[in-house]
Amino acid sequence: MILTEIFKKALDGGYAIGQFNVSNLEQIRAICEVAKALQSPLILGTSEGERKFIGLKQITAIAKVWQEETGLPIIVNADHSRSFETAKTAYDAGYTGIHFDGSEFPYEENLKITKRVVEYVKSKNPDVIVEGELGRVRGSSEVHNEAIVLRESDFTDPDLAMQFIKESGVDSLAISYGNIHGVFGVSHSPRVTLGELHGEEVPKDGPWKTEKLDIERLKDIREKAGAFLVLHGGSGISAIDVKESIKNGIVKVNINTELRVAYVNTLREFLNKSEETTPYKIWPAVIEAVKKVVEEKMRLFGSINKI
Ligand code: G3H
Ligand code: ZN
């Protein structure tokens, strides 16, 4: 099944599909095994750094094997491609989803490159989905120990989103409405300052506000935009906000940091108390920890038994 059909089904059914970011075999195994057990559609994502590490042809080949073995449709998405060239290279290596992120370019430049990516991909295979990005999703997929300040200008403008989708021809759009990449450290509760948005003083070292999505803005975008909508920075967002987002048209939620944290914490703990030297005896504990996060997210997104 192609991704637009998967998204259409999700939108009609009021659920979302998880995109889980990976860069190695253990993570892929964890995600595919959970998806198989729960009969959930899934998307594997790789940023430019992640795909450089695992190999572009390698990951598309590995996904194909898991697809055959599980009988699930497995999409491999080129997450946050920052240039036409990296998007093209991913398509040419067999990726079945291409995300071009031109959000750091001025609007016209973002539109121009996104359009070029759409034209290239669609001329080769109209079934491969292209995701654009408008508005700035701050932060990267790590544990932050400082507040992140959101500016009004970071948020996706609903009218501009409508225009961008029409002119670029993207199938889906990543939007910014209070979401950031990563989670917040220390207490591990997600915190973000909305700063200028509400005309508040930005506290230098807390207390920080809990991350809060602007659902009204999402509704406005949904009404105007004729494309599937994507929530980036899915780690650390409250279950209530995720559910509200899905209710209001989000069909894909990207998760990376929470998987990374589960992976690294478990590995660290295991190695701290074990002399084990056989890799395949080390990884099961790590895989189990990643599986737990994936299962929790698939249940939250409502994507189980949707094959
Ligand atoms: O593109 C990847 C995601 O947006 C991941 O965000 O690290 O906050 O889960 P996250
Ligand atoms: Zn992202």
Side-chain angles (χ1 to χ4, degrees), residues 3 16-23 27-28 30-31 42-54 59 75-82 86-87 90 95 97-104 110 114 129-148 150 154-156 170 172-185 188-192 210-213 218 228-239 241-242 245-246 250-265 289-290 292-294 296-298 300-301:
L3 194 51
I17 315 297
Q19 174 192 298
F20 299 97
N21 279 55
V22 295
S23 57
Q27 294 168 306
I28 296 173
I31 297 157
L42 78 152
I43 299 167
L44 298 175
T46 63
S47 64
E48 288 181 352
E50 287 163 335
R51 60 196 192 246
K52 192 170 167 205
F53 178 77
I54 193 168
I59 186 167
I75 306 296
V76 187
N77 191 35
D79 195 40
H80 292 288
S81 308
R82 304 274 180 187
T86 59
Y95 276 67
I98 305 291
H99 169 214
F100 172 69
D101 174 7
S103 62
E104 285 190 3
N110 183 2
T114 307
I129 208 161
V130 179
E131 175 183 334
E133 181 154 340
L134 191 68
R136 179 147 183 219
V137 181
R138 287 184 183 264
S140 51
S141 292
E142 60 193 356
V143 180
H144 307 295
N145 288 312
E146 281 180 10
I148 288 183
L150 302 186
D154 294 337
F155 286 64
T156 305
V170 289
S172 60
L173 188 71
I175 55 171
S176 170
Y177 59 109
N179 44 321
I180 54 127
H181 288 113
V183 299
F184 288 86
H188 275 269
S189 62
R191 289 166 186 177
V192 69
T210 301
E211 187 174 356
K212 184 83 197 91
L213 299 186
L218 168 63
F228 297 113
L229 298 176
V230 178
L231 172 57
H232 276 248
S235 295
I237 295 179
S238 71
D241 271 2
V242 170
S245 295
I246 295 170
I250 289 289
V251 293
K252 169 157 114 36
V253 184
N254 289 9
I255 301 288
N256 195 351
T257 314
E258 285 187 48
L259 301 176
R260 289 179 172 185
V261 169
Y263 184 102
V264 170
N265 284 352
V290 174
K292 242 177 103 187
V293 177
V294 176
E296 188 189 296
K297 296 300 175 189
M298 284 178 172
L300 175 63
F301 304 159

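One-based numbering along the sequence shown. It should be emphasised that the depicted structure is a prediction, and the values quoted were computed from it without experimental measurement. Values reported hereafter were calculated over all heavy atoms of this structure, with side chains retained and with hydrogens, waters and symmetry mates removed. Remember, it's 1-based here, ligands and their atoms both numbered in the order they're listed.
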Just jot down the ligand 1 atoms closer than 4.0 angstrom to any heavy atom of [X], in number order.
X	value
S141	5 (C), 6 (O), 7 (O), 10 (P)
I255	9 (O)
G234	6 (O), 8 (O), 9 (O)
T257	7 (O), 8 (O), 9 (O), 10 (P)

Counting heavy atoms only, which part of H80 comes closer than 4.0 Å to ligand 1: side chain, backbone, both or neither?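 It is the side chain that gets close, since no backbone atom is under 4.0 Å.
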At under 4.0 Å between heavy atoms, is it the side chain or the backbone of N256 that contacts ligand 1, or both, or neither?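 Within the 4.0 Å criterion, N256 contacts ligand 1 through backbone and side-chain atoms alike.
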Without swapping roles, check the side chain of S176 against the backbone of T156 for a donor-acceptor pair under 3.5 Å.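 No, the answer is negative, given that no donor and acceptor are paired below the 3.5 Å cut-off.
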Rounded distance [0.5 Å steps], [atom1] in [X] versus [atom2] in [Y]:
X	Y	atom1	atom2	value
I250	L213	CD1	CG	8.5 Å
L44	N21	CG	CG	9.0 Å
S47	D101	OG	CG	11.5 Å

Looking only at protein heavy atoms, identify the closest one to [atom] and say how far it is in Å.
atom	result
atom 4 (O) of ligand 1	G233 N, 2.7 Å
atom 1 (O) of ligand 1	D79 OD2, 2.6 Å
atom 8 (O) of ligand 1	G182 N, 2.8 Å
atom 3 (C) of ligand 1	N254 CB, 3.3 Å
atom 9 (O) of ligand 1	S235 OG, 2.6 Å

Verdict with supporting geometry, V22 and T46, side-chain contact (heavy atoms from CB on, under 4.5 Å): CA-CA 6 Å; V22 295; T46 63; 4.1 Å; yes
Within-cut-off N or O pair, E258 and ligand 1, under 3.5 Å: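 Between E258 and ligand 1 (N or O atoms, distance only) the closest approach is not under 3.5 Å.
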NE2 (H181) to the Zn ion (ligand 2) to ND1 (H232) angle, given to the nearest 10 degrees: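 NE2 of H181, the Zn ion (ligand 2) and ND1 of H232 span an angle of about 120°.
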N256 and side chain to side chain donor-acceptor pair (under 3.5 Å): which single residue from Q19, E50, H181 fits?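 Considering Q19, E50, H181, a side chain to side chain donor-acceptor pair (under 3.5 Å) with N256 is found only for E50.
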Hey, does I43 have a side-chain heavy atom less than 4.5 Å from the side chain of L3?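 Result yes, sub-4.5 Å side-chain heavy-atom pair found.
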Would you call the rings of H232 and H80 parallel, tilted or perpendicular if under 30° counts as parallel and over 60° as perpendicular?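 Geometry flag for H80 against H232: perpendicular rings.
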Quick one, S81 with R51, criterion side-chain hydrogen bond (donor to acceptor under 3.5 Å, both in side chains). Give me CA distance, side-chain angles, the key distance, then yes/no. CA-CA 10 Å; S81 308; R51 60 196 192 246; 2.9 Å; yes
